[in-house]
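What follows is one structure encoded as structure tokens, with my remarks underneath.
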Amino acid sequence: TKNYLVHFDPYLLFIDNSKLRYFQLPQLGLFYLWQAPFILVGLIGQIRLLRENKPWVKFALFWLLLSPLPAAITTGVPYANIGRVLMMLPIVELFSAIGVLYLFKSLKTQKNIFKNLFIALFLGLIIYNTIFFLRGYFEVMPKKFSNFWGVHYRLAARTALEYENSTNKIIFTNPLQQSYIYILFYGNKNPDWLFSQYRLKSPVIGYRVLANYEFRSINWNEDQYLTNALLIGTVDEIPLYPNVVSEAYMLKRTGDLKIIKTK
């Protein structure tokens, strides 16, 4: 019940979603703040229409109530699974549009001065919210939340692919059990290549071993003595070492990767 109700939290929806994994935009909700009163008006209007027993009204409300269920029965709510309630988006936007129509319809009976003032305020809020969103999306988020988007893993994967055929083994540190996806994606690996390689499944997700790749934490005391190997690990896993091939940095300098080649 808690996992279900959190998706109707006004703070998350309209104020700040920066705690959501992959969807962080500081000081912005999942919907524009200017939409909040329109969504409320549209929702109330549709609830009142239930007395008229219109099937499409029941369908719309049922859709809204049903949409959070996929995330509600999983873990990590709301920090990991907001993508599982995307079916909530169209119906909420529909209520927002209905609310706008209700209010603009009521303006027809108002004086022109009041009507023009309201329209100017309405357009001003939309423009302000849009500019604020674009700044957060293109300027703030890439710098503040680059760790969630794996910028440094992309750079590391491309370096690993350059050495794929010239080293005996590549050990790639494996946070969240997902390092292998960068090799598959940036290496343009097709299913034929994948299923023709030696591979061991990870106990969590993906692969622990794939071809000459191992996806695990670096054990420096042992791995530094491997012959002709490429080691990709965090700066905590790999100390100072003379034979550094490359270093991959996040935009926000935390959790950077160091890439070295053993002799």
Take D16 and L28 through the side chain to side chain contact (heavy atoms under 4.5 Å, CB included) test and state the conclusion after the steps. CA-CA 4 Å; D16 188 6; L28 278 169; over 6 Å; no

Derivation of the salt bridge (Lys or Arg N to Asp or Glu O under 4.0 Å) call for K169 and D223: CA-CA 10 Å; K169 181 181 291 188; D223 293 338; over 6 Å; no

Kindly indicate, with the supporting measurements, whether the criterion side chain to side chain donor-acceptor pair (under 3.5 Å) is fulfilled by Y213 and E164. CA-CA 8 Å; Y213 289 92; E164 184 178 88; 2.8 Å; yes

Audit row: T167, N228, side chain to side chain donor-acceptor pair (under 3.5 Å) steps and yes/no: CA-CA 5 Å; T167 53; N228 190 28; 5.6 Å; no

Check step by step if side chain to side chain contact (heavy atoms under 4.5 Å, CB included) holds for Y198 and L200. CA-CA 7 Å; Y198 175 74; L200 289 176; 3.5 Å; yes

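Side-chain N or O atoms of T173 include none that pairs as donor or acceptor with a backbone N or O of I218 at under 3.5 Å. In this structure, R158 contributes its side chain and R154 its backbone to no donor-acceptor pair below 3.5 Å. Formation of a donor-acceptor pair under 3.5 Å by the K258 side chain with backbone atoms of P239 is found in this model. For the pair Q224 (side chain) and W220 (backbone), a donor-acceptor distance under 3.5 Å is present.
The aromatic rings of F8 and Y4 are tilted relative to each other, their planes meeting at an angle between 30° and 60°. Taking the six-membered ring where tryptophan is involved, the planes of Y153 and F172 are essentially parallel, since the angle between them stays under 30° and well short of 60°.
Scanning both residues, I91 and W63, for their nearest heavy atoms gives CD1-CE3, 4.0 Å. The two residues A211 and V209 make their nearest non-hydrogen contact at O-CG1, 4.0 Å.
Remark: N212 CG to N165 CG distance equals 7.5 Å, nearest 0.5 Å.
Evaluated for a side-chain contact (heavy atoms from CB on, under 4.5 Å) with W34, the options T130, L123, N129 yield exactly one hit, N129. Here the options are Y128, Y32, F38, the test is ring pair (Phe, Tyr, Trp, His ring centres under 6.0 Å), and the partner is F122; only F38 passes.
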